[in-house]
Structure formats: C-alpha cells, structure tokens
J.: 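For reference, the structure I am asking about is given below.
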Amino acid sequence: MGSDSNKQCILDFLQAFYAGDAAAAMACCDDEIDTITYAPVDLFPHLGHKHGRAWVAEAIAIQQQRYALRKHDVIFIAAEDSKVAVMTHCALTKRNDGRVVQFTEAAFFTLHDGRIAQHRAFFDSFDLVQQVLGHDLADEFATSVRGAMER
Amino acid sequence: MTEHSLWRFSRAMLRAINERQPAELEALIDDDVEWTVYGPVDMFTFLGARRGKAAVLDVCRQIADNVRIHRFDRESIMLSEDSAASMMRYSLTALDSNRPISLRIANFAQFKAGRLLNMRVLIDTFDLIEQALGAPIHLPKIA
C-alpha cells in the first residue's frame, strides 16, 4: 500500500472514530492492533496500553458516554511508507456540565496491509487533566515543581 | 541525495543545548518561525509559544540553562520534502537538581528553503510533572 492510501486510511479512521461509527473505525484496524495512549489511566481508563480492535468500539463508547459532542480537526499529517503521523485538534463537550475540553493530540500509526497495526498517541496530558477535573492544578504544583527542579 | 533539513536541524539543536553553541541553529531558523511547545508555562517557562528567530533562540538558551540531553532514540520518523514528524524518546538531566527525566516527545516541523518555519511539539506533560516532582500525582478514579 502506498503512502497516499495509508494517509487516507488514517483520515477515514479519525472521521469514523469521532463520528461514533465504531464499525467503520474498526474496519480500518488490524485485528491485533497494539495501541498506547500515554495518559493517566485513573482518569482515562480507555487510554493506556490496549490490544485488539475491540478497543476502538470501547473507546468510542466511553467517550460517547462522557461527551455529548466530539469534534476533530487534522492540522498536520505526514506519511512515509507504512507510517503516518497526525496532529489533531480535538474538542469534546462534557455531558455533565456542558463545558468543552480542547486538546491537541499527536498520533503515530504503523499500517500493515492497509490497516492500522500500531498506534501511539499523546498530548498535553496535564492540561487535559485540569480541564476534565474542572479546576486549575498548576498553582498547586508550580511551586513544588520549581522547587524540585532546583533541589 | 541531499540530507533532509530535519537532520541538520536536530544536530544543531543538540549542539545549542548541550554545548551552548547556537550559531548553527541560528542559520537554520527562518526569521518568521512559529514555535509551540504545548505545556504548563507556569512550571516550565521554556514551554509555550514563540514567534520569530530571536524568541526561538532565546527559548533554546532557556532549555540549555535547564537541561542536558544524554540520549535520544528515534521511535518513529516520517519525512516529506519540506516537513517532518517524529516521535522521540529523550533522556535528560535537570541541571539544577541533577534529576534524571525521561520524555517521549512528538515533533511536527515544517521547513522552507532548509530553514525551520514552524515547529509544534507535544509532550506527555502529566508524566513530565510527576518526574519533576519525583512523586506521583494522585487523581480521582473515574469509572
């Protein structure tokens, strides 16, 4: 498969994921997909290290349970051979209070036979934790971090 | 075959940080460069957005004042003519505390005529802060 078709596969996957079309999103993935999203799993149980494409439907279901609206906008995409990298701006509207959490995610995909076999993603997780909790943690930790860096 | 701009830029960046020699880096940055490292600027003043070569060189100097790079591993790299995306694993030392920090970093770069025009960097910042604190941050569990 060429870079262009791999790139299209990732765009289709993201479109289906954020549209809540689990079947279409899963169709873009290898049965044995290996995925890691680096984030605190206490707060984001659908993230972390997962194996198998059933994860896709579970992740969509959890997000739909928590968020009424989920939007994404691809702001950068690069592809080379079997690899594709995307930077995506995401906006999720929380069901419980209507607030919108926004974050930019970096995702790196490796495809095998035109399907996603490996997925690695991360984002400014501290900022997202603050948005999900609904309060600022920076003040609480800023002094400690600066102090720890100087110890 | 011409070397991709990313490799020249990476070497120059390493030299600017570890050896405090920014001259090569300066030559590889566009005057109107846009630079964003997503993260808490209250804790790490060298994070955040910058515009223009002078501001970017200044932030690189701030990074050099704070950390030393010991090792980096390229986990994933995609190169196209004037852009590059990479996921790297860095081993750093915080200079003031001598505390080791291990970071995974995503870079999305665009170049023009061999010079950096746009750089966006993402870090797993929660992990970074826990490492800087030297202790886990306890969060509520959400089912």
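For clarity, every value in this text was computed on a predicted model and none was experimentally measured. In what follows, chains carry the letters A, B, and so on, assigned in the order in which the sequence lines appear, proteins first and then strands, with residues in each chain numbered from 1.
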J.: Tell me, do Met78(B) and Asp81(A) make a side-chain contact under 4.5 Å, heavy atoms counted?
T.: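 The answer is no; the side chains never approach within 4.5 Å.
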
J.: Tell me whether Ser76(B) contacts the main-chain N or O of Phe108(A) through its side chain, where contact means a donor paired with an acceptor under 3.5 Å.
T.: no

J.: Tell me the closest heavy-atom pair linking Pro40(B) and Asp124(A), and the distance in Å.
T.: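 Heavy atoms only, the tightest pair is CD-OD1, 4.4 Å.
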
J.: Please find the pair of heavy atoms, one from Val129(A) and one from Phe126(B), that lie closest to each other, and give the distance.
T.: CG2-CD1, 3.8 Å

J.: Within a radius of less than 6.0 Å around NE2 of His89(A), do more than 12 heavy atoms belonging to other residues, nucleotides or ligands occur?
T.: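 Atom NE2 in His89(A) is crowded, with more than 12 foreign heavy atoms closer than 6.0 Å.
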
J.: To the closest 0.5 Å, what do you measure between CG (Leu137(A)) and CD1 (Ile129(B))?
T.: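 One gets 8.5 Å once the value is rounded to the nearest 0.5 Å.
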
J.: Do Met13(B) and Phe44(B) sit in the same hydrophobic cluster, where Ile, Leu, Val, Met, Phe, Trp and Tyr count as joined when their side-chain heavy atoms come under 4.5 Å apart?
T.: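 Same cluster: Met13(B) reaches Phe44(B) through Ile, Leu, Val, Met, Phe, Trp or Tyr contacts under 4.5 Å.
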
J.: Minimum heavy-atom separation for Thr125(B) and Asp127(A), please, with both atom names.
T.: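 Minimum heavy-atom separation between Thr125(B) and Asp127(A): OG1-N, 4.3 Å.
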
J.: Is Gln130(A) in contact with chain B via its backbone, its side chain, both, or neither, using a 4.5 Å heavy-atom distance?
T.: neither

J.: Hey, which of Val86(A), Ile77(A), Thr110(A) has the most heavy atom pairs under 4.5 Å with chain B?
T.: Val86(A)

J.: Relative to chain A, which segment of Ile77(B) carries a heavy atom at a distance below 4.5 Å: side chain, backbone, both, or neither?
T.: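 Contact with chain A: backbone only.
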
J.: What are the two closest heavy atoms between Ser125(A) and Asp124(B), and how far apart are they?
T.: OG-OD1, 2.5 Å

J.: So what's closer than 4.5 Å to chain B heavy atoms on Ile75(A): side chain, backbone, both or neither?
T.: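 Ile75(A) touches chain B through side-chain heavy atoms alone.
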
J.: With a 4.5 angstrom heavy-atom cut-off, could you sort out which part of Ile123(B) is near chain A: side chain, backbone, both or neither?
T.: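 For Ile123(B), the backbone is the part near chain A, not the side chain.
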
J.: Are Met88(B) and Tyr38(A) connected in the hydrophobic side-chain network, where two residues link if heavy atoms are under 4.5 Å apart?
T.: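 No, it is not one cluster - the side chains of Met88(B) and Tyr38(A) are not joined through contacts under 4.5 Å.
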
J.: Test side chain to side chain contact (heavy atoms under 4.5 Å, CB included) on Arg104(B) and Phe122(A) and set out the steps.
T.: CA-CA 9 Å; Arg104(B) 187 169 277 105; Phe122(A) 52 102; 3.9 Å; yes

J.: Under 4.5 Å from any heavy atom of chain A, what part of Ala84(B) do you find: side chain, backbone, both or neither?
T.: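 The backbone, not the side chain.
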
J.: Is Met119(B) reachable from Met87(B) through a run of hydrophobic residues whose side-chain heavy atoms are each under 4.5 Å from the next?
T.: no

J.: Below 4.5 Å from any heavy atom of chain B, which atoms of Ala78(A) appear? Answer side chain, backbone, both or neither.
T.: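 When you check distances to chain B, atoms from both the backbone and side chain of Ala78(A) fall under 4.5 Å.
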
J.: Is there a path of hydrophobic side-chain contacts, each under 4.5 Å between heavy atoms of I, L, V, M, F, W or Y residues, that connects Phe108(B) with Val37(B)?
T.: no

J.: So, do Leu122(B) and Met87(A) sit near enough that their side-chain heavy atoms are less than 4.5 Å apart?
T.: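 Of all side-chain heavy-atom pairs linking Met87(A) with Leu122(B), at least one is under 4.5 Å.
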
J.: Looking at Glu81(B), I want to see if its CD is surrounded by more than 12 non-hydrogen atoms of other residues, nucleotides or ligands under 6.0 Å.
T.: no

J.: Quick one: are Thr104(A) and Tyr38(B) in side-chain contact, heavy atoms under 4.5 Å?
T.: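 Yes. Closest side-chain heavy atoms under 4.5 Å.
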
J.: Determine, using the 4.5 Å side-chain heavy-atom cutoff (strictly less than), whether Phe103(A) and Ile36(A) are members of one ILVMFWY cluster.
T.: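 No.
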
